[in-house]
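Reviewing the structure listed below.
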Amino acid sequence: FGSDDTAALDEDSEIAITGRIEWLLAGGWKQFRDFTSWSDDEFGLLLGAAAHYEKDEYGTATGPEEKTFTWTIDASAEFGGAGLFAAFVGRHLDAASQDQYGLVVQGSIFLERDKWECFARYEWGDDDAPGDDLSLLTAGVNRYFSGHDLKLTIDVGYAFNAVGDLWASSGAGWRTDAPGAPGADGQTVLRTQFQLLF
């Protein structure tokens, strides 16, 4: 984990193993290639589970070799114009003696056939450290002009608690709040994205 855009021969991990299984209970594999349930999609249900084990490089100056075990279970359902997704994730850090958990639940529905799609998402996380758990609610809309090739997305997110270092994300717009500082909860994020694929 975290090795994107790093040198290939840097001391990093001694071993890393990842695996995933998926079980298609209804529908076709193709409809789960994106996160949208188009109006003409048949009912689909996909269950998934994944696990990752990693051990830090032995004998480095960075400290004790951390052993990390991460896992997820998730489900996606499509109803021909509406969709639901849920995932529960966990991570155990051996040297740090931490057990961290997270949950995301998202639903979407088309208001106008394959053009205007509303969605809402709730995210919760416990980093097993002092301070507030993550608690976010996001609502937004997608406007499809030509499927995913030309799409506008606008959403608003609200953090019910302070956003800690682990949860902050410049890509998603969430900044680190100072725990206990006045106004540290109630962070609001407004995002807009225009997508052009060719």
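This one's a predicted model, so the numbers in the text were calculated from it and none came from an experiment.
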Practice prompt. Please identify each residue that fulfils salt bridge (Lys or Arg N to Asp or Glu O under 4.0 Å) with Glu22, with sequence neighbours left out.
Written response: Arg20
Worksheet entry | Joint hydrophobic cluster, Phe194 plus Leu197, side-chain heavy atoms closer than 4.5 Å | no
Per-pair distances, 0.1 Å, donor-acceptor, side chain in residues 131-139, under 3.5 Å, sequence neighbours excluded:
| residue | atom | partner | partner atom | Å |
| --- | --- | --- | --- | --- |
| Asp133 | OD2 | Trp124 | NE1 | 3.4 |
| Ser135 | OG | Tyr122 | OH | 2.8 |

Response to the item:
Ala168 and Thr176 have their tightest heavy-atom pair at CB-OG1, 3.2 Å
Worksheet, complete the sentence: Between Phe119 and Val141 the two heavy atoms that sit nearest each other are CE2-N, 3.5 Å
Practice prompt. Could you list all the ring pair (Phe, Tyr, Trp, His ring centres under 6.0 Å) pairs where at least one residue sits in residues 136-159, not counting sequence neighbours?
Written response: Trp38-Tyr144, Trp38-His148, Phe110-Tyr144, Tyr144-His148, Tyr158-Phe160
Response to the item:
side-chain contact (heavy atoms from CB on, under 4.5 Å) filter on Ile17, not counting sequence neighbours, yields Ile15
Worksheet item: Listed by chain and number, what are the salt bridge (Lys or Arg N to Asp or Glu O under 4.0 Å) partners of Arg175, not counting sequence neighbours?
Response: none
Worksheet item: Once you round to the nearest 0.5 Å, how far does OG of Ser76 lie from CD of Gln106?
Response: 10.0 Å
Discussion item. Is it the case that over 12 heavy atoms from other parts of the model lie below 6.0 angstrom from the NZ atom of Lys67?
Written reply: no
Item to complete: Check which hydrophobic residues are tied to Ile21 through side-chain heavy-atom contacts below 4.5 Å, counting indirect links as well, and list them.
Response: none
Worksheet item: Any side-chain heavy-atom pair from Leu152 and Thr192 closer than 4.5 angstrom?
Response: yes
Worksheet item: Quick one: CG on Asp149 to CZ on Phe198, what's the gap to the nearest 0.5 Å?
Response: 11.0 Å
Worksheet item: Are Val105 and Ile73 in one and the same hydrophobic cluster, where Ile, Leu, Val, Met, Phe, Trp and Tyr link if side-chain heavy atoms are under 4.5 Å apart?
Response: yes
Worksheet item: Who are the salt bridge (Lys or Arg N to Asp or Glu O under 4.0 Å) partners of Asp127, not counting sequence neighbours?
Response: none
Practice prompt. Would you check if the side chain of Ser37 reaches a backbone N or O of Ala82 as a donor-acceptor pair within less than 3.5 Å?
Written response: yes
Item to complete: For residues Thr36 and Glu78, report the shortest heavy-atom separation together with the two atoms involved.
Response: O-OE2, 3.4 Å
Worksheet item: If only atom types and distance count, is the side chain of Ser169 paired as donor or acceptor with the main-chain N or O of Ala172 below 3.5 Å?
Response: yes
Item to complete: Please list, chain by chain and in numerical order, all residues satisfying side-chain contact (heavy atoms from CB on, under 4.5 Å) with Ala75, sequence neighbours excluded.
Response: Leu47
Worksheet item: Taking only residues two or more places apart in sequence, or in another chain, which ones meet Thr18 in a side-chain contact (heavy atoms from CB on, under 4.5 Å)?
Response: His52
Fill in: Gap separating the CG atom of Leu103 from the OG1 atom of Thr72, nearest 0.5 angstrom
10.0 Å
Discussion item. Using a 4.5 Å cut-off between side-chain heavy atoms of Ile, Leu, Val, Met, Phe, Trp and Tyr, which other residues end up in the same hydrophobic cluster as Phe32?
Written reply: Leu24, Trp29, Leu46
Practice prompt. Please check if the side chain of Gln31 supplies one atom and the backbone of Glu42 the other of a donor-acceptor pair under 3.5 Å.
Written response: yes
Worksheet item: With the 4.5 Å side-chain cut-off for hydrophobic clustering, are Trp116 and Leu150 part of the same group?
Response: yes
Discussion item. Between Val104 and Tyr101, is there shared hydrophobic-cluster membership here, with clusters defined by ILVMFWY side-chain heavy atoms closer than 4.5 Å?
Written reply: no
Practice prompt. Side-chain contact test, heavy atoms from C-beta onward, threshold under 4.5 Å: evaluate it for Gln187 versus Asp177 and give yes or no.
Written response: yes
Fill in: Test ring pair (Phe, Tyr, Trp, His ring centres under 6.0 Å) applied to Phe43 - qualifying residues, sequence neighbours left out
Phe79
Fill in: Heavy-atom pair of closest approach, residues Cys118 and Leu111
SG-CD1, 3.2 Å
Discussion item. Quick check on the hydrophobic clustering: are Trp174 and Val156 connected, directly or via other members, by side-chain heavy-atom contacts under 4.5 Å?
Written reply: no
Discussion item. Is it the case that atom CG in Asp165 sees more than 12 heavy atoms from other parts of the structure closer than 6.0 Å?
Written reply: no
Show which side-chain atoms of residues 86-97 pair as donor or acceptor with protein atoms under 3.5 Å away, not counting sequence neighbours.
| residue | atom | partner | partner atom | Å |
| --- | --- | --- | --- | --- |
| Arg91 | NE | Gln100 | OE1 | 2.7 |
| Arg91 | NH2 | Gln100 | OE1 | 2.7 |
| His92 | ND1 | Gln98 | O | 3.4 |
| His92 | ND1 | Asp99 | OD1 | 2.7 |

